[in-house]
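Here is the structure we will look at.
Proteins get letters first, then strands, A, B, ... in listed order; numbering begins at 1 in each.
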Amino acid sequence: MKYLFTICLTTFALLSFQTLNAQKTFGTRNGQIIFQSPTDQDVKAINNEVNSRLSDNGSLSFSLLIKSFRFKMAEMQDHFNTEYLHSNQFPRGDFKGTITNIKTVNFNQDGIYPVEVTGDLTLHGVTKKVSSKGSITIKNGKPLAKASFPIIVKDFGIKAEDVTEKVTITVNCQYQ
Amino acid sequence: MKKWLKFLLVAGGIGLLAGLALLYWIFNKPHRDVSKEKGIQLTSQQLFEAFRKDEAVANGLYLDKAIEISGTVAEVSTNQEGQKVVNFSTDDPFFTINCTFKTDPGNLQPGDSIVFKGICTGYIPDASVVINEGVLIK
């Protein structure tokens with residue numbers, strides 16, 4: 001009887017522990033990130049093959065390939081890869097960070113939740129801390145993450161012209 | 001008209017035309033059309049193994065190249081711009097060959113075996129080898 005009681009208690013404790021730690025992670029291999037010059041609408045690159053993971057504990061990561069960015073103008077796309085981002089040498093860009101106010105997001109309740117994100121952005125082989133405000137929209141249990149923030153390209157060791165001195169990064173990722 | 005002035009006008013005119021032609025070329029240079037390129041032929045599993053083994057070597061062989069892949073469809077979806085995206089299975093259940101199609105490959109189902117061509121844009125560890133500008137061959 002004593003053993004049975006101990007086994008029941010251990011099983012209950014283990015199950016409770018597992019429930020408490022059950023972490024839900026959402027992912028996508030085809031999220032969208034846009035690089036755009038705020039002063040020239042033509043300088044716009046869209047990447048629809050962004051790999052991203054979002055956990056309900058607040059951890060957030062993005063991984064993208066520089067060669068996946070598409071420009072309207074082929075010549076601009078070539079320059080972006082060969083003269084600015086040097087995508088043969090630095091083929092990937094990454095972000096690893098956290099949503100600092102994740103407790104305000106209810107993943108079980110449809111709605112739009114304002115969030116604050118902070119983390120490390122690696123581009124062109126250089127890692128910098130970035131922060132941004134954004135939103136998480138929950139619809140039918142699936143999150144959509146949106147954010148927009150500027151970067152100074154020189155901070156990442158990238159050569160800059162007047163129109164590309166500052167670039168706005170826009171995140172638009174629908175998770176499954 | 002003086003000879004030197006005539007020469008200057010002709011030279012200026014040629015320069016102006018050349019400049020305009022260059023601008024026209026920059027703004028209208030066509031994007032790569034992978035359907036007209038000869039692709040490196042391999043299977044989705046071979047492509048995955050090449051990157052798993054040595055990313056730098058695989059980048060040298062396949063990055064930015066037209067590749068023609070035969071593979072088994074694992075999942076079909078649509079991206080946020082309405083393009084068809086097909087994931088091809090590998091022997092790692094968490095790793096796929098992720099291809100965004102430029103032209104609609106039609107009604108594909110998981111389990112279908114197809115051959116397609118596209119441009120390899122690289123490798124994302126623990127996720128996928130990415131291909132875009134995909135076109136269905138058969």
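Within a 6.0 Å sphere centred on NZ of B:Lys84, heavy atoms belonging to other residues, nucleotides or ligands number more than 12. Remark: A:Arg29 CZ is packed, more than 12 non-hydrogen atoms of other residues, nucleotides or ligands lying under 6.0 Å away. Within 6.0 Å of NZ on A:Lys159 lie more than 12 heavy atoms contributed by other residues, nucleotides or ligands. Counting non-hydrogen atoms of neighbouring residues, nucleotides and ligands closer than 6.0 angstrom, the NZ atom of A:Lys146 reaches no more than 12 such neighbours.
For a residue to count as touching a neighbouring chain, one of its non-hydrogen atoms must lie under 4.5 Å from one of that chain's; by this rule A:Thr28 does not touch chain B. With a 4.5 Å cut-off on non-hydrogen atoms, B:Ser77 does not touch chain A at all. With a threshold of 4.5 angstrom between heavy atoms, A:Gln77 approaches chain B through side-chain atoms but not through N, CA, C or O. Interface remark: A:Ile46 contributes side-chain atoms only to the contact with chain B (heavy atom separation under 4.5 Å).
Note on B:Val85 and B:Leu47: separate hydrophobic clusters, where clusters join Ile, Leu, Val, Met, Phe, Trp and Tyr whose side-chain heavy atoms are under 4.5 Å apart, directly or indirectly. B:Phe51 and B:Ile131 fall within the same hydrophobic cluster, defined by Ile, Leu, Val, Met, Phe, Trp and Tyr side-chain heavy atoms under 4.5 Å apart, directly or through other members. Grouping the Ile, Leu, Val, Met, Phe, Trp and Tyr side chains by contacts below 4.5 angstrom, directly or via other members, places B:Leu108 with B:Ile97. Taken together through direct or relayed side-chain contacts under 4.5 Å among Ile, Leu, Val, Met, Phe, Trp and Tyr, A:Phe71 and A:Leu85 form part of one hydrophobic cluster. Under a hydrophobic clustering in which Ile, Leu, Val, Met, Phe, Trp and Tyr are joined whenever their side-chain heavy atoms come within less than 4.5 Å, directly or via other members, B:Phe88 and B:Ile119 fall into different clusters.
With values rounded to the nearest 0.5 angstrom, B:Ser128 atom OG is found 7.5 Å from A:Leu65 atom CG. If you take CG on A:Asn48 and CG on B:Asn132, they are separated by 9.5 Å, rounding to the nearest 0.5 Å. How far CZ of A:Arg92 is from CG of B:Asn59: 8.0 Å, rounded to the nearest 0.5 Å. With values rounded to the nearest 0.5 angstrom, A:Asn30 atom CG is found 7.0 Å from B:Asn87 atom CG.
A:Ala74 and B:Pro30 get closest at one heavy-atom pair: CB-O, 3.6 Å.
At a threshold of 4.0 Å, the pair B:Glu81-A:Arg70 does not count as salt-bridged, since none of the basic side-chain nitrogens sits closer than that to a carboxylate oxygen.
A:Asp78 places a side-chain heavy atom less than 4.5 Å from the side chain of B:Lys29.
A side chain to side chain contact (heavy atoms under 4.5 Å, CB included) with A:Asn51 is found for exactly one of B:Val130, B:Ile124, B:Asp126, namely B:Ile124. For the side-chain hydrogen bond (donor to acceptor under 3.5 Å, both in side chains) criterion with A:Glu49, the lone passing option out of B:Asn98, B:Asn79, B:Thr100 is B:Thr100.
The backbone N or O of A:Asn172 lies less than 3.5 Å from a partner atom in the side chain of B:Gln80, making a donor-acceptor pair.
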